[in-house]
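No hydrogens, no waters, no symmetry mates; every other heavy atom, side chains included, goes into these values. Chain naming here is simple, since letters A, B, ... match the order of the sequence lines and numbering starts at 1 in each. A quick note: this is a predicted structure, and the numbers were derived from the prediction, not measured.
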Number of protein chains: 2
Amino acid sequence: MVRKPATLKDVAALANVSRATAARALNSYGYVGDETAQKVQAAAEKLGYRGNRLAQALRSGQLPIVGCILGDIQNPFFARIAHDIEVLARECGHNLVIGSSKEELDQEISLLASLRSLSIRGFIVAPTSADNNAHLKDLIAENVPLVLIDRVAQGVDCDSVVVDNEGGARKAVEYLIAMGHHRIGLLQDDMRIFTSRERMSGYRAALAAGGIAPDDRMVSVSQSTVEHAVDATIRLFSQKSPPTALFTVDSLMTQGALLAFRSMGISIPHDVSLIGFDDFNLATFTDPQITVVSQPVSEIGRAAARLLFDRLSGKSDPPQKIRFETKLIVRGSVSRHSAG
Amino acid sequence: MVRKPATLKDVAALANVSRATAARALNSYGYVGDETAQKVQAAAEKLGYRGNRLAQALRSGQLPIVGCILGDIQNPFFARIAHDIEVLARECGHNLVIGSSKEELDQEISLLASLRSLSIRGFIVAPTSADNNAHLKDLIAENVPLVLIDRVAQGVDCDSVVVDNEGGARKAVEYLIAMGHHRIGLLQDDMRIFTSRERMSGYRAALAAGGIAPDDRMVSVSQSTVEHAVDATIRLFSQKSPPTALFTVDSLMTQGALLAFRSMGISIPHDVSLIGFDDFNLATFTDPQITVVSQPVSEIGRAAARLLFDRLSGKSDPPQKIRFETKLIVRGSVSRHSAG
DNA sequence: AAACAGTGTGAGATCGATCTCACATATATT
DNA sequence: AATATATGTGAGATCGATCTCACACTGTTT
C-alpha cells in the first residue's frame with residue numbers, strides 16, 4: 001500500500017480552511033486567527049505533513065542544496081573538507097551534493113551542468129584545471145554563487161580559499177637543501193592542477209635559491225592515488241643516480257612513496273629523505289615519523305562554506321580571497337646528506 | 001546582468017508554436033511535423049534552453065538524485081563506498097547527496113527527513129542503530145527504495161549489503177587464541193551499531209569456543225575516530241593486567257591503537273599482538289605489518305548502488321540480502337604468547 | 001458522400017506551495 | 001452614523017514542464 005505524502009491541500013481540507021490559510025498558519029506570516037492556526041497545526045501533525053521542497057523550490061527558483069565538486073573524496077584531505085562543508089550546510093538548512101571530478105575536466109564540466117539544471121543554489125569547486133574554466137566563468141556571469149577551494153582558476157573572479165602552496169613547498173625544499181641534499185626528487189600531480197603548479201614553483205624557487213639546476217629526471221608525475229604513486233616512485237628511484245631526497249605533493253602520494261620505498265628496500269631516512277605535503281594520521285606512527293608541510297585542513301572547508309553561505313544570504317562584497325599559511329613540521333624522515 | 005535561463009515558453013514563443021508542441025518536439029513523443037520540430041530545435045538551441053529539472057521533477061514527483069547516509073565520510077571505508085556509489089549513480093544519470101549521521105540517530109533521522117522532503121528517488125543508508133528504525137520502516141511502508149549498507153536493521157525488510165562480520169571477528173580471535181593469547185582485548189564501537197554487535201558476537205563466540213570467560217575489563221568502547229581510539233586504547237592498556245592481544249573493529253580504531261601503543265612505548269608484536277577489522281593503505285608499511293580482517297570494500301558500494309538502481313528501474317523481486325565474505329590476512333602483528 | 005484512420009496542433013489541467021488581491025468582519029476614530 | 005484601521009480568510013494566479021483532450025485537416029476506404 002503506497003500512501004502518498006500529505007500535501008498542503010490535504011492539511012487545509014482536514015482543518016477546513018483554504019490552502020492559503022493553511023500556508024499562513026504553517027509558515028507564520030500574514031494574519032491568522034489563533035484558533036485556526038492551531039487547527040491547521042494539528043491537522044499537519046496528524047497527516048505527518050512535510051512540505052514538498054520541490055514545489056517550494058519551483059516557486060522560489062532555488063533548491064536548498066549546495067553542490068561541491070572535489071577531486072576525490074577518497075583523499076582524506078577532501079574527505080575532511082567535504083565533511084566540514086556538510087556540517088555547516090546542514091546548520092544553514094541546506095543539503096550537500098558531492099561530486100568527484102576525478103581530476104578530469106570533462107567530468108567536472110558535465111557534473112556542473114547536471115547540478116546546474118537542478119537549480120542548486122551555489123557551488124564549492126576545486127577546479128581541475130587552472131586555465132580551462134569557461135564553465136566557471138559562466139557561473140559567475142549568471143550570478144551563481146561560487147567558491148573555489150584548494151585551487152583558484154585564472155580569470156575566475158570569486159571567493160576562494162587556498163593555502164600557501166608555493167611557500168610550503170619552498171620551505172620543505174629549502175630544508176632539504178639545508179640538510180645537504182642536491183638531488184631532490186619531486187613526486188607531483190598533473191600540471192593542469194593549480195596546487196601542483198604552485199608546489200612545483202615553490203620547489204623550483206628553492207632549488208634556484210640554493211643554486212641547484214632543475215633536472216627533469218628528478219620529477220615524476222602521478223595521479224593522486226596510493227597505487228599510482230607507488231609506481232611513480234619506483235620509476236623515479238630506479239634511475240642510475242636517483243634522488244637522495246623526495247618531496248611529495250599530497251598525502252596519498254606520500255603514502256605511495258612509503259610503500260614503494262619499502263618494496264624497494266630503501267630505508268628512510270638512511271637511504272633517502274622524505275617530506276610530504278599535507279599531514280596524515282599515520283605520519284607519526286611510521287618509523288621514522290614523517291616530516292610534512294601541514295595545512296590547516298580543518299579550517300579550509302569551514303571557511304569556504306562560510307563564504308558561500310554569506311553570498312547566499314545576499315552579501316555582495318567584492319570577492320574574498322583567503323589564503324592560509326602552511327607549516328613545516330619537522331619529524332624524523334630527513335637526514336643530513338654528506339655531500340657527494 | 002542576470003539573464004534568467006530560457007523556459008519552454010520562451011522557446012515556444014520564438015518558434016511560434018504552443019508550449020505543447022515545443023515539448024513534443026524536444027522530447028520527441030506524439031506527432032510533430034518535421035518542419036515544426038526543426039524550428040523548435042533551432043529556437044531551443046538559440047536560447048540555450050535546458051529544461052528545468054525542478055519543474056520536471058515536480059510533475060513526475062521525483063528528482064534524479066539518490067541519497068546516501070553514512071556514518072562518516074572521513075572513514076576511508078565509507079569514503080570508498082561513497083565514491084563507488086557516486087560513480088554508478090552518475091552512470092545512471094543521477095546525482096548523489098551525501099550526509100553523515102556521525103553515528104547519531106537524531107542526525108540520521110533529521111537528515112533522512114530533510115532528504116525525503118526533496119523527493120529524492122531512493123536511499124542507501126548505513127543505519128546508526130540496529131533497533132531504532134521507525135524512520136526506515138516508514139520509507140518501506142511508503143515504497144521508497146532503500147538499500148541498507150554495511151549494516152542491517154531489525155524488522156526493516158529491504159535490499160542490503162553487508163559482510164560476514166561475525167565470521168571475520170571469530171576468525172581473528174580464534175587466530176589469537178591459537179597463538180596462545182587469553183587476555184584478548186576488544187576495541188569496539190557503540191553497541192547500537194550493527195557491525196559492532198556482530199563483531200562483538202564473533203569475538204565472544206571465539207572466546208567461548210576457546211574456553212575463555214568473557215571479561216568486561218578487556219573491552220573498551222570508543223567512537224570511530226583515530227583520536228577517540230587512542231584514548232580508549234590507553235585506558236585499556238593502563239590496567240594492572242592489560243590484554244596481551246587486541247582486536248579493533250575498524251581501520252580508524254586500528255590506527256588509533258597503533259598511535260596509542262607508540263605513545264605508551266608498547267611494541268608490536270613483542271608486547272602486544274594486534275588484529276584490525278578492515279584493511280588500510282599503510283597496514284603494510286608499518287613495522288611489523290598489521291594483520292587484518294579484510295572486507296571487499298570495492299564491491300560493497302557498487303553492489304548497493306546496483307540494487308538501488310534496479311529498484312528504481314522498477315524491479316520488484318523480494319529483497320536481496322548480499323553478504324560478502326571476509327578474509328583474515330596474516331601479516332606480522334601477532335606473535336605467539338607463551339602461556340602465563 | 002459518408003465514415004474512418006492517421007497526422008498535427010493548441011487550450012487548459014496538473015504537480016504542490018506560495019503570494020497577491022479582494023472581500024469579509026470587527027474594532028476604533030471622527 | 002460614517003469612516004478608517006486592524007484582522008482573518010478564500011479565490012485564483014504563478015513557477016515550468018508535461019499530458020490529456022479536443023479540434024482540425026488530409027487521405028483512404030466503403
Side-chain angles (χ1 to χ4, degrees), chain A residues 2-41 43-44 47-65 93 116-121 142, chain B residues 2-41 43-44 47-65 93 113-114 116-121 142:
Chain A
V2 189
R3 59 188 143 114
K4 289 251 183 57
T7 71
L8 185 63
K9 203 166 140 191
D10 301 330
V11 174
L14 182 61
N16 238 333
V17 296
S18 70
R19 283 149 42 245
T21 302
R24 275 188 286 256
L26 292 172
N27 304 323
S28 30
Y29 70 93
Y31 292 111
V32 195
D34 285 357
E35 233 175 296
T36 317
Q38 287 187 351
K39 263 195 311 183
V40 173
Q41 292 291 357
L47 296 175
Y49 171 76
R50 4 164 226 260
N52 178 332
R53 298 227 183 160
L54 277 187
Q56 297 169 333
L58 176 59
R59 273 218 108 226
S60 69
Q62 285 172 331
L63 213 44
I65 293 185
R116 291 208 55 191
S117 65
L118 292 173
S119 314
I120 274 183
R121 296 198 62 193
E142 298 182 26
Chain B
V2 189
R3 56 189 145 114
K4 288 248 185 57
T7 73
L8 184 62
K9 203 166 139 191
D10 301 330
V11 174
L14 183 59
N16 240 332
V17 297
S18 70
R19 281 150 42 244
T21 301
R24 274 189 287 256
L26 292 173
N27 303 326
S28 32
Y29 70 92
Y31 292 111
V32 195
D34 284 358
E35 232 176 296
T36 318
Q38 288 188 348
K39 263 195 312 183
V40 173
Q41 291 292 357
L47 295 175
Y49 172 76
R50 11 166 220 255
N52 179 333
R53 296 224 184 160
L54 278 185
Q56 298 169 335
L58 176 58
R59 271 219 111 222
S60 69
Q62 285 172 331
L63 213 44
I65 293 183
S114 136
R116 291 206 56 190
S117 64
L118 291 173
S119 313
I120 273 182
R121 296 199 62 192
E142 299 181 26

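To the nearest 0.5 angstrom, B:R121 atom CZ is 11.5 Å from B:I65 atom CD1.
The shortest distance between the side-chain N/O atoms of B:T21 and the OP1/OP2 oxygens of C:dT9 is not below 4.0 Å. Phosphate proximity of D:dG8 to A:Y31: absent, as no side-chain N or O sits under 4.0 Å from OP1 or OP2. A close approach under 4.0 Å does occur between a side-chain nitrogen or oxygen of B:S18 and OP1 or OP2 of C:dG10. Between A:N52 and C:dC15 there is no side-chain polar atom (N or O) within less than 4.0 angstrom of OP1 or OP2. Dashed line: the shortest gap from a side-chain N or O of A:N27 to OP1 or OP2 of C:dT18 is under 4.0 Å. Distances shown here put a side-chain N or O of B:Q56 below 4.0 Å from the OP1 or OP2 atom of D:dT18. Note on A:Y49: a side-chain N or O is less than 4.0 Å away from OP1 or OP2 of C:dA17.
If you measure from atom CG of B:L8 to atom C1' of D:dC19, you get 13 Å, rounded to the nearest angstrom. A:Q38 places its CD atom 13 Å from the P atom of D:dG8, with the value rounded to the nearest Å. Across the protein-nucleic acid pair, A:L54 atom CG and C:dT18 atom C1' stand 15 Å apart, rounded to whole Å. In this structure, CG of A:L118 is placed 16 Å from P of D:dG16, rounded to the nearest angstrom. The distance from atom CG of A:L63 to atom C1' of D:dG16 is 14 Å, rounded to the nearest whole Å. Atom CD of B:Q62 and atom P of D:dT18 are 15 Å apart (whole Å). Nucleotide D:dC15 holds its C1' atom 13 Å from the CG atom of B:D10, rounded to whole Å. Protein atom OH of A:Y29 is 15 Å distant from nucleotide atom P of D:dG8, rounded to whole Å.
Ranked by how close their nearest DNA chain D nucleotide is to the 5' end, B:L58 and B:R24 are led by B:L58.
Identified under the salt bridge (charged side-chain N to carboxylate O under 4.0 Å, His left out) test for residues 48-64 of chain A, with sequence neighbours left out: A:R50-B:E142. Residue pairs that meet the side-chain hydrogen bond (donor to acceptor under 3.5 Å, both in side chains) test with at least one member in residues 25-37 of chain A, sequence neighbours left out, do not exist here.
Comparing D:dG16, D:dG10, C:dA17 by their closest approach to the side chain of A:R59 singles out C:dA17. For A:A20, the side-chain atoms get nearest to D:dG12 when compared with the rest of D:dG16, D:dG12, C:dA17.
Annotation: side chain of A:V40 is in contact with side chain of A:V17 (closest heavy-atom distance under 4.5 Å). Counting heavy atoms from C-beta on, the side chains of A:L8 and A:L26 come closer than 4.5 Å. Looking at heavy atoms from C-beta onward, A:S119 lies out of side-chain contact with A:L58 at the 4.5 angstrom threshold. A:T7 has its side chain out of reach of A:N52: every pair of non-hydrogen atoms, C-beta onward, lies at least 4.5 Å apart.
Residue B:R53 is out of contact with every strand shown, counting any heavy-atom pair closer than 4.0 Å. Residue B:T36 is in sugar-phosphate contact alone, with no base atom involved, counting any heavy-atom pair closer than 4.0 Å across all strands shown.
Comparing the start and finish of the helix from C:dA1-D:dT30 to C:dT30-D:dA1, five pairs each, the helix axis swings through 70°, to the nearest 10 degrees.
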* Evaluate side-chain contact (heavy atoms from CB on, under 4.5 Å) for B:L14 paired with B:L47, printing each intermediate quantity in order. => CA-CA 9 Å; B:L14 183 59; B:L47 295 175; 4.0 Å; yes
